[in-house]
Every structure is written in structure tokens, then in C-alpha cells.
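A short worksheet on the structure shown next.
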Amino acid sequence: DAGVIQSPRHEVTEMGQEVTLRCKPISGHNSLFWYRQTMMRGLELLIYFNNNVPIDDSGMPEDRFSAKMPNASFSTLKIQPSEPRDSAVYFCASNSGQGREKLFFGSGTQLSVL
Amino acid sequence: GNSVTQMEGPVTLSEEAFLTINCTYTATGYPSLFWYVQYPGEGLQLLLKATKADDKGSNKGFEATYRKETTSFHLEKGSVQVSDSAVYFCALSSPGATNKLIFGTGTLLAVQP
């Protein structure tokens, strides 16, 4: 199993540009999570999907952030327009959605907004 | 609301020293509790978990006991190795939404030879 795959690993962009982060969950997993990690705030849940449907997006910081899951094998997190304070590591994670079970994390995308 | 508080790092130890990383939680009902570990440049991975009071989770020499009376889930290891250097996260599954994990801020452990 290839695990959760995220791309790109690193993204450097200028303020105001659109940024799209991509995630492929583990095949057969029904739940997908987007987390953001910063030194100041630690690991924050942004949004999670169950069977491709957004269940809880209360962690999405503002309207500049949007997430989609068009099918069971792909999700995107988009920031438009990006700002320097969005600089962080963004993680995608998945599990089968059967209850209190472990999450499988991708290696993350290191985003730097200049 | 539900939350997790863990000791701030960094924690710096010599090889073979005893490790404790404190974690306390606030939750209504009966959450499940977890420790995750993040090695440099990687995503988090589950280290151990406990699903009910007095349960002890263990893995790779690490242990943590679910203490409901003190709302704690402290991580311990009797003899750390350089390879244990990583960031450790305590987490709980929200009782009202069993598939949602709430993480602490993480504790950096640095083990010196």
C-alpha cells in the first residue's frame, strides 16, 4: 500500500497567488481529513469528509480556504488568495471511518507564502 | 469544548534515561486517547492508544495509562534511544464525533548519545 500521497511536498508562492494542495487517500478509506500544523497553533483540523461529503468544516479559517473531494481517491485544498500567515505544513490523513481508529497521515506539504 | 494539553518542549534527555511526557484532557463523556509520533520530515503515525478508563496502551517500549480520575494519559518509556527523537502528540477522539481527532500542540523530544 502506497499510503496517503500528498503533492507537492514543498510549495513557495507569492502573496495573492492561488495555491492548490492535493491528496490521494489510501484506497478503501472512506474518511479524509485536512490538518494544518504551525509552531504557534500546533495541529489544527481544517475539514473532514466522509464518503466524499464534507462533515465538519468549522476549522477552515476563512473564505479564502476551500476544500473539495470530487471522488473517493482525490481531494484538494485551495487557498485563494494566499497570505504569508498561511505558511504552514498541511497534512492530509485518511481512515476507514468506522469509529475511533487511527489516522494514516501523508508526508505533508510545506507551504511558504512570501 | 474538548481539548488536550501537553507539556511544552523541548525535552532533552541522554540515551537510556527515563521519559515522561505529560498529557491531560478535557472532554465530556468517554473519549478514546492516543499518542502519535512525528519523525523529522514525515507525517504523524499512531504510537499507542487506549479506549477506556484504566486501559494501558503500549508499543515499542512506550506506555500510557488512561486515568479518568486525573483526566491524564502520560507517555512513559523506561530507556530512551537516539532513534526516539521526534515530536510526540497526545490526542483524543471527540465523544460526540467518533471519527474526529483533537491533538495537543506536540512535545519535541531530543535524545543525545
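The analysis underlying the following values was restricted to heavy atoms, covering all of them including side chains, and did not include hydrogens, waters or symmetry mates. Residue numbers start from 1 in every chain, and the chains themselves are labelled A, B, ... in the order their sequence lines are given, proteins ahead of strands. Note that the structure is predicted; figures quoted are calculated from it, not measured.
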Side chain proximity check, [X] to [Y], heavy atoms < 4.5 angstrom:
{"X": "Phe103(B)", "Y": "Gln37(A)", "value": "no"}
{"X": "Glu42(B)", "Y": "Phe105(A)", "value": "no"}
{"X": "Leu43(A)", "Y": "Tyr36(B)", "value": "no"}

Does atom [atom1] ([X]) have a neighbourhood of more than 12 heavy atoms from anything else shown, all under 6.0 Å?
{"X": "Glu69(B)", "atom1": "CD", "answer": "yes"}
{"X": "Glu15(B)", "atom1": "CD", "answer": "yes"}
{"X": "Glu8(B)", "atom1": "CD", "answer": "no"}
{"X": "Asn71(A)", "atom1": "CG", "answer": "yes"}
{"X": "Lys52(B)", "atom1": "NZ", "answer": "no"}

Original post:
Looking at Gly42(A), Gly108(A), Ser107(A), which has the largest count of heavy-atom pairs under 4.5 Å with chain B?
Top reply: Ser107(A)
Original post:
Taking every heavy-atom pair that is under 4.5 Å apart, which of Gly106(B), Gly41(B), Gly104(B) has the most such pairs with chain A?
Top reply: Gly41(B)
Original post:
Among Thr105(B), Val87(B), Leu44(B), Leu46(B), who wins on heavy-atom pairs under 4.5 Å with chain A?
Top reply: Leu44(B)
Original post:
To the nearest 0.5 Å, how far apart are CG in Leu47(B) and NZ in Lys102(A)?
Top reply: 10.5 Å
Subject >> Residues Tyr35(A), Leu101(B); criterion side-chain contact (heavy atoms from CB on, under 4.5 Å); working and verdict >> reply: CA-CA 10 Å; Tyr35(A) 283 88; Leu101(B) 280 185; 3.7 Å; yes
Original post:
Linking I/L/V/M/F/W/Y whenever their side-chain heavy atoms sit closer than 4.5 Å, directly or via other members, would Phe74(A) and Phe104(A) fall into one cluster?
Top reply: no
Subject >> Hydrophobic cluster membership, Phe62(B) vs Tyr39(B), 4.5 Å side-chain cutoff >> reply: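 In one cluster: yes.
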Original post:
Where do Gln38(B) and Phe91(A) land on the side-chain contact (heavy atoms from CB on, under 4.5 Å) test, with the steps shown first?
Top reply: CA-CA 12 Å; Gln38(B) 183 182 28; Phe91(A) 287 102; 3.1 Å; yes
